Amino acid sequence: SLANSTAAEKLAVELGDRHRLGWATAYVARDLQLVGRPGASMVSAARALEFADGDRSLTRAAQYFGAQAAYSRGDYADSAATLRKLIHDLESRDPLAWAGTPGPSVIFYRAWLVWALSQQGHADESVAVARVMRSLADEVNLPLCRTIAHLSEGFALALAGRPAEAEVTL
């Protein structure tokens, strides 16, 4: 919750612990986006990056939360650009790493990319990304990942004007 992440941020400041402060600030960014404050979320995500000090997981998490906030503000192109970079970086280093997500991050990055592409009218690319994501989610076989993958694929298919296929995956 925003109250918890804000309290964690204050404690990290009191401790003078930059690493904890970076993570707490990243989670403040996530929580601000969840409560409908994407502008403030983007500011917090940028601030979290200032504390990353080479921590790739923290950098990815902060960038991911910033991409979510950009999506929430309607900046689908910026969100998609950031997510593409995150996916490329993660797939080149550790495709199944978890960085601020409740499962392999590449699955969640792809979900938001599917949504951003769909909102921009890039139906074919969105469906292709969704299919890759669904395959990865099936491979890791975690219920939340599989749910997100099916929902994202259904979203992409529905916005691509393919409701019958969307209904099957949903």
Side-chain angles (χ1 to χ4, degrees), residues 1-119 129-130 133-134 136-137 139-152 155:
S1 78
L2 182 56
N4 290 340
S5 59
T6 301
E9 189 177 42
K10 287 178 185 173
L11 287 171
V13 168
E14 289 175 21
L15 292 171
D17 187 329
R18 285 182 57 84
H19 185 255
R20 284 191 174 115
L21 180 57
W23 276 103
T25 304
Y27 283 110
V28 167
R30 180 204 59 193
D31 294 340
L32 285 165
Q33 187 271 331
L34 289 172
V35 299
R37 296 176 54 200
S41 173
M42 293 176 83
V43 170
S44 288
R47 209 162 55 90
L49 289 170
E50 295 172 12
F51 302 111
D53 298 330
D55 181 337
R56 283 196 190 281
S57 291
L58 173 55
T59 298
R60 287 180 189 130
Q63 289 173 335
Y64 172 58
F65 300 144
Q68 289 177 321
Y71 178 94
S72 295
R73 289 184 70 163
D75 190 349
Y76 306 122
D78 181 54
S79 180
T82 299
L83 292 161
R84 280 189 180 104
K85 289 176 191 169
L86 285 166
I87 290 165
H88 176 75
D89 177 59
L90 199 56
E91 286 181 340
S92 69
R93 298 175 192 280
D94 186 359
L96 296 179
W98 298 29
T101 56
S105 294
V106 73
I107 293 169
F108 294 88
Y109 298 168
R110 284 184 184 279
W112 284 87
L113 179 57
V114 164
W115 303 336
L117 292 170
S118 294
Q119 293 290 358
V129 170
M133 176 188 46
R134 186 168 161 205
L136 291 168
E139 183 181 319
V140 298
N141 200 27
L142 295 170
L144 179 59
C145 292
R146 293 187 77 200
T147 300
I148 294 294
H150 277 271
L151 289 172
S152 297
F155 184 85

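Just so it is clear, the structure is predicted and the values come from calculations on it, not from any experiment.
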Which pair of non-hydrogen atoms, one from [X] and one from [Y], has the smallest distance, and what is that distance?
| X | Y | result |
| --- | --- | --- |
| Ala70 | Asp78 | CB-OD2, 3.6 Å |
| Thr25 | Arg47 | CG2-NH2, 3.7 Å |
| Ala62 | Ala45 | O-CB, 3.4 Å |
| Ala111 | Ser152 | CB-OG, 3.4 Å |
| Ala137 | Ala149 | CB-CB, 3.6 Å |
| Val140 | Cys145 | CG2-CB, 4.3 Å |

Does any part of the side chain of [Y], heavy atoms only, come nearer than 4.5 Å to the side chain of [X], both counted from C-beta?
| X | Y | result |
| --- | --- | --- |
| Met42 | Arg73 | yes |
| Arg110 | Val106 | yes |
| Asp55 | Trp23 | yes |

Separation of [Y] [atom2] from [X] [atom1] (nearest 0.5 Å):
| X | Y | atom1 | atom2 | value |
| --- | --- | --- | --- | --- |
| Arg146 | Met133 | CZ | CE | 12.5 Å |
| Ile87 | Lys85 | CD1 | NZ | 12.5 Å |
| Ser105 | Phe108 | OG | CZ | 8.0 Å |
| Leu113 | Arg84 | CG | CZ | 5.5 Å |
| Leu58 | Leu49 | CG | CG | 7.0 Å |
| Gln68 | Thr82 | CD | OG1 | 11.5 Å |

Practice problem: Please work out whether the ring planes of Tyr109 and Tyr64 are parallel, tilted or perpendicular, with thresholds of 30° and 60°. | Solution: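 Tyr109 and Tyr64: tilted rings.
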Quiz item: Taking the inter-plane angle between the rings of Phe65 and Tyr27 on a 0 to 90° scale, is it parallel (under 30°), tilted (30 to 60°) or perpendicular (over 60°)?
Solution: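 Taking Tyr27 first and then Phe65, their aromatic rings sit tilted (interplane angle of 30° to 60°).
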Exercise. Check each of Asp31, Leu32, Thr6 against Ser44 using the side chain to side chain contact (heavy atoms under 4.5 Å, CB included) test, and report the only one that passes.
Key: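 Testing each of Asp31, Leu32, Thr6 against Ser44, the sole residue satisfying side chain to side chain contact (heavy atoms under 4.5 Å, CB included) is Leu32.
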Quiz item: Counting only heavy atoms not in Arg18, do more than 12 fall under 6.0 Å of its CZ?
Solution: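 Buried by this count: over 12 neighbours within 6.0 Å.
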Practice problem: Inspect the surroundings of CZ in Arg37 and state if more than 12 heavy atoms from other residues, nucleotides or ligands are less than 6.0 Å away. | Solution: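 12 or below, so no.
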Quiz prompt | Cationic N near anionic O, under 4.0 Å, Arg93 to Asp89 | solution =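 A salt bridge links Arg93 with Asp89.
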